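Encoded as structure tokens, the structure appears first; notes follow it.
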Amino acid sequence: MPDTMIGQSPIRIDGRAKVTGAARYPSDVVVPNPAWAFLVTSAIALGRITAIEEAEARAVPGVLEILTHRNMRGTVRDAGFFAAGGYAAETIRPLEDDRIWHDGQIVAMVLADSFEAAREAAFRLRVDYAAVTPAAGFGSASATTEPAAKARQGHEDPQVGDADAAFAAAPVKIEADYATPTQHHNPIELFTTTALWEGGKLVIHEPSQYVTGIRHGVATQLGLDPQQVRVESHYVGGAFGSKGSLTQRTALVAIAARRLGRPVKLVPTRDQGFTIATYRAETRQHVKLAADRDGKLQALVHEGTEVTSRPDPYKVAGTQTTARMYDCPNVRTKVTLLHADRNTPGFMRSPPEVPYMFALESAVDELAVALKLDPIELRRRNDSKKEPIKGLPWSSRGLMRCYEAGAEAFGWSRRNPEPRSMREGDWLIGWGCASTIYPTHIGAATARVTLTPDGQARVQTAAHDIGTGAYTVIAQAAAEMLGLPLEKVQVALGDSDLPPAPVAGGSNTTASVCNVVAEACGQIRARLARAAVEDGPLKGRDPASLKLVSGELRAADGTAEALPEAMSRAANGAIEAYAEYLPQGMPKESMRKLYSGKQALGGGIAEGPLAMAAFGAEFVEVRVHARTAEVRVPRVLGAFAAGRIVNPRTARSQLMGGLIWGIGSALHEETEIDHGRARYVNDNILEYLIPVNADAPKVEVMLLEETDTGVNPLGIKGLGELGNVGTNAAIANAVFHATGRRARELPIRIESLL
Amino acid sequence: MTTQPTPGVVGRRSLLGSGAVSAAAPLLAVAPAAAQPTPILKETAVLDLVLRVNGQEHRLALDPRVTLLDALREELGLTGAKKGCDQGQCGACTVLLDGRRVLSCLTLAARAAGGAVTTIEGLATEDGGLHPMQQAFLDHDAFQCGYCTPGQIMSAIGCVQEGHAGTPDEIREAMSGNLCRCAAYPNIVAAIEQAKPQMAGRRTERG
Ligand code: FES
Ligand code: FES
């Protein structure tokens, strides 16, 4: 057994369950005698329900009940918008009244003895509407705008110096508009919910990135004590942000189960998932970038407008990142919200950075062309020790190391910078690069670790493994701290009855949870050490000097006591430790927020005292067909500096997946909208294009060593959202290199290049 | 866009072919489009059938509209096969029927009666030994969330058995009906290449 588990690449400890079908996802839970729920969602985007004709639906054999606003009004209390200190992904209360706010809003839930009967009855429920012409988004007459800085839960537009004056005076400059589309997460596991009441306790099985948040949110909605609600989500079949906040369906299923006195199971359809959960908001951005003749940046202006719903000010606000990316003395940014008759958008993997870094990293490439400078060299000349807005020092910044290692491995030096200069037969070849950054978030977390006399450890925390490898990396952290082999560690996650842990968002889980687990293990070590120095081989030693290594408690000179003896000296049976970890610099109230299921992540690049982020450089080869303009991506390389890597195997998988997401973002993904009716058109995964196996290129992931204990004691930075930032720009830059055509609107389609 | 479907009118799903319609829309709604509303049957019909799954026979009394996927998951508790779309678009529900891949969400349970169904639960040997494809998926970290994985593995076995795993490109093409939103694709291809030679002479169609 190696002395250290952190940094090893064991096979996922939940892997066997996943390859044998034994892993029970929330959608798989078997409950006795369930009633089945089927949703009916609105056929218009704006207006009112004028009539609901239930007779035909109720005549379907097996139908039990139909919930509509007529029998539900006033039932579900307000749980508050998550960004305003509440729990919900949107403020519209489920089945509260006859008002329709957006396409695909839940207007009824049909309950029946079987899935088939519920579905048939849902199809037979007639809902009549008085429709009003809706605003779909950009270009809609009735859409309204407001500066994000003025919106409820406003943000501050980062700025420094006088960007407009500096831009006017600079000798080399570019100015361009960029656009990014609506995208939907489309995790493969649907947005299912199963609810049952056991005595007075409500048990909810729902794929979730935040079981503690759902517990408290549903308790608020139903007027229950949070202790009466348990949310279980041991595995999650993909989330990417879509399962982070409370959506309308959960309370409805819980209420249905209470009214029917039996478990209720809801399996929404794929298309319903487009409107009953969240999505990535589309943006329009304007960038001005100027430099002196040596390529030193003089001015950055970055303005973005983002679609949100009528009632909720959801903000993407990626200018928080782009304003700080490079050393630039004059920066002005502005974010504007555009309210339309749409469902409320939300977090989707690297929410701010995917759209906004697309614009910035495209603009940097455009500036490099204007300067006739290599784009990597341009970034080198504007690398920084501090972020420019507040002057916060970077805790570490591996960006240029990533460019160096990546460029070498990719063969960048062989690139002819001239557009259209590289060709193979009918295929124009382009090489492009871009930077990625993802702020290092961290949150207050708690965990219980139990060491039993047989040398087994059990870790319990309400964190989540959404495919990231959390089960495994948490086990590795505990194994390392307790000096145990990995197979002696069990990890329980995804249950709101466990000690609370943060939302699986902002790539914080590994950092937050490994640090609290380390703290709990440290308590156990201390207790063992205190007993060991009383008597036995370690008598009289300094307890602080003793370490748990390879199944024993060991002093620096090698003197040791085996774990079973140390255990029996310290306790009669098991030793249990409960730890609370409040990251350095975070306010005490973050811990209270955690216990009440609120979202309270800290860290990042804007708050200080340090600016903390993971960085990377991405290199892409594209091939564009000279006659058909078809774009293919044969290879992608990403070099990343993301602190201490707990498990390189799972880290690589996440970064690889992220890079392929970048291909989807650049070339495939867009939720099309019918502008007249504000309704999604391609709301299925045949027509909403996500990359398939044949789209996936050769992917190379390089993990650079980085030691940064400024971020947290274990030196961990999150990386789950690092790989899919900037990749879209690297592809657009490569397409420019191949064709001489600059695509500023995503996704890049054949028609963009004709 | 979630329309209220009109009985008798088949929407975009008809693109998928008649198999999609019969399984994805209520059976009663598939009558030819007519001005008359589709009548509601007073009682749900019940179909007695025998499903042979992973070598075991199960006698079931089912609503004829029940898909093979729902029969496996809800009647037999075999939840390895996943529901990712219920309309033939994702491949998460892939199982083998007589050794060939089928999308169990597009296959009525009645259609599978008499055949031999193999699901992910039927791959490992009784003493827990993994099928080479399962082991290869573990070795190559060919999944993240794991939700598409049972379908990927069943499809991968089918792909090898059907002789579509000759080259990495051929594998990529043959596996493109199985979506992986986590995008584990390169690792899936590597896993299939590892398992392929170990599968020689082995055929999975226990029913
Ligand atoms: S569930 Fe069958 S193909 Fe998606
Ligand atoms: S592993 Fe998550 S969808 Fe494939």
Side-chain angles (χ1 to χ4, degrees), chain A residues 11 15-16 18-21 23-25 27-28 30 40-41 43 59-62 103-104 114-117 119-120 123-124 127 186-190 235-238 267 269-272 275 466-467 649-650 653-654 656-657 660-661 679-681 683-686 690-694 696 699, chain B residues 1-5 7 12 26 28-29 37 40-44 63 65-66 70 73-74 77-80 82-87 89-90 92 119-121 123-124 130 134 137-139 141 143-150 153 172-173 175-176 178-179 181-189:
Chain A
I11 286 177
R16 190 183 166 94
K18 286 181 174 175
V19 301
T20 55
R24 292 266 176 181
Y25 294 75
S27 303
D28 298 334
V30 175
V40 179
T41 56
V60 172
D103 165 39
S114 73
F115 174 67
E116 292 73 23
R119 181 178 60 188
E120 186 188 346
F123 279 40
R124 290 181 183 276
V127 183
N186 278 308
I188 303 296
E189 186 178 22
L190 297 165
Y235 298 96
V236 183
V267 183
T269 61
R270 174 60 58 183
D271 59 317
Q272 288 170 344
T275 59
I466 57 175
R649 175 197 298 265
T650 53
S653 279
Q654 287 216 75
M656 176 187 77
I660 297 172
W661 266 57
R679 310 192 69 195
Y680 298 131
V681 177
D683 54 354
N684 59 75
I685 39 179
L686 186 71
I690 68 170
V692 301
N693 205 321
V699 179
Chain B
M1 173 173 76
T2 326
T3 41
Q4 254 185 297
R12 245 175 299 114
L28 297 174
I40 299 170
L41 294 187
K42 291 269 178 328
E43 274 170 55
T44 312
D63 183 318
R65 296 170 292 186
V66 172
D70 285 336
R73 291 175 57 81
E74 307 301 336
L78 294 171
T79 55
K82 305 298 185 204
K83 186 179 279 192
C85 67
D86 218 11
Q87 52 190 22
Q89 299 178 338
C90 73
T119 71
I120 190 82
E121 290 93 341
L123 291 182
L130 294 180
Q134 292 173 307
F137 268 64
L138 274 182
D139 293 344
D141 207 38
F143 54 88
Q144 290 169 47
C145 79
Y147 203 73
C148 72
T149 308
I153 290 175
R172 277 190 273 273
E173 210 55 50
M175 291 297 293
S176 280
N178 288 81
L179 302 183
R181 188 48 157 157
C182 301
Y185 299 125
N187 295 359
I188 291 171
V189 175

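Quick note on labels: first sequence line is chain A, next is B, and so on, each numbered from 1. All figures in this text were calculated on a predicted structure; none of them were measured in a lab.
Interface summary for chain B: among A:Ala696, A:Ser114, A:Ala117, the most heavy-atom pairs under 4.5 angstrom belong to A:Ala696. Looking only at heavy-atom pairs under 4.5 Å with chain B, the residue among A:Val30, A:Asp28, A:Val60 that has the most is A:Asp28. Interface remark: of the candidates A:Gly62, A:Pro61, A:Ala59, A:Gly21, A:Pro61 forms the most heavy-atom pairs closer than 4.5 Å to chain B. When B:Pro150, B:Cys85, B:Gly77 are compared by the number of non-hydrogen pairs under 4.5 Å with chain A, B:Cys85 comes out ahead. Of the listed residues (B:Asp63, B:Asn187, B:Thr119), the one with the most heavy-atom contacts under 4.5 Å to chain A is B:Asn187. Ranked by heavy-atom pairs shorter than 4.5 Å toward chain A, the options B:Gly80, B:Cys148, B:Cys182 are led by B:Cys182.
For B:Arg172 (side chain) and A:Val692 (main-chain N/O), no donor-acceptor pair under 3.5 Å exists by modelled atom type. At least one donor-acceptor pair under 3.5 Å links the side chain of A:Trp661 to the backbone N or O of B:Arg181. Here the side chain of A:Arg270 pairs a donor or acceptor atom with the backbone of B:Gly84 at under 3.5 angstrom. Between the side chain of A:Lys18 and the backbone N or O of B:Cys145, at least one donor-acceptor pair lies under 3.5 Å. Between the B:Ser176 side chain and the A:Ala694 main chain, a donor and an acceptor come within less than 3.5 Å of each other.
Once rounded to the nearest 0.5 Å, the distance linking CD of B:Gln144 with OG1 of A:Thr650 reads 9.0 Å. If you take CD on A:Glu189 and SG on B:Cys90, they are separated by 11.5 Å, rounding to the nearest 0.5 Å. Distance check: A:Ile188 CD1 to B:Tyr147 OH gives 9.5 Å after rounding to the nearest 0.5 Å.
With a 4.5 Å cut-off on non-hydrogen atoms, B:Asn178 does not touch chain A at all. In this structure, the portion of A:Val699 lying under 4.5 Å from any heavy atom of chain B is its side chain and not its backbone. Using a 4.5 Å cut-off between heavy atoms, A:Ala23 touches chain B through its backbone atoms (N, CA, C, O) alone. Contacts of B:Ile188 with chain A are made by side-chain atoms alone, with heavy-atom separations under 4.5 Å and no backbone atom involved. Contact annotation for A:Arg16: both backbone and side-chain heavy atoms come within less than 4.5 Å of a heavy atom of chain B. Interface remark: B:Ile153 contributes side-chain atoms only to the contact with chain A (heavy atom separation under 4.5 Å). Only the backbone of A:Pro187 comes within contact range of chain B, with heavy atoms under 4.5 Å apart.
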For B:Asp70 and A:Glu116: C-alpha separation, side-chain torsions, deciding distance, then whether side-chain contact (heavy atoms from CB on, under 4.5 Å) applies. CA-CA 10 Å; B:Asp70 285 336; A:Glu116 292 73 23; 4.0 Å; yes

side-chain contact (heavy atoms from CB on, under 4.5 Å) evaluation trace for B:Leu130 with A:Thr20: CA-CA 8 Å; B:Leu130 294 180; A:Thr20 55; 3.6 Å; yes

Start with the C-alpha distance between A:Ser653 and B:Asp141, add both sets of side-chain angles, then the distance that settles side chain to side chain donor-acceptor pair (under 3.5 Å), and finish with yes or no. CA-CA 7 Å; A:Ser653 279; B:Asp141 207 38; 2.5 Å; yes

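The shortest distance between side-chain heavy atoms of A:Ile660 and B:Pro186 falls below 4.5 Å. Under the 4.5 Å side-chain criterion, counting only non-hydrogen atoms from C-beta, A:Thr269 is not in contact with B:Asp86.
Donor-acceptor pairing under 3.5 Å is recorded for the side chains of A:Asn684 and B:Gln89.
When all heavy atoms are compared, the tightest approach of B:Phe137 to A:Val19 is CB-CG1, 4.0 Å.
The cationic atom of B:Lys83 (NZ for Lys, CZ for Arg) does not lie both less than 6.0 Å from the six-membered ring centre of A:Tyr25 and within 45° of the ring axis.
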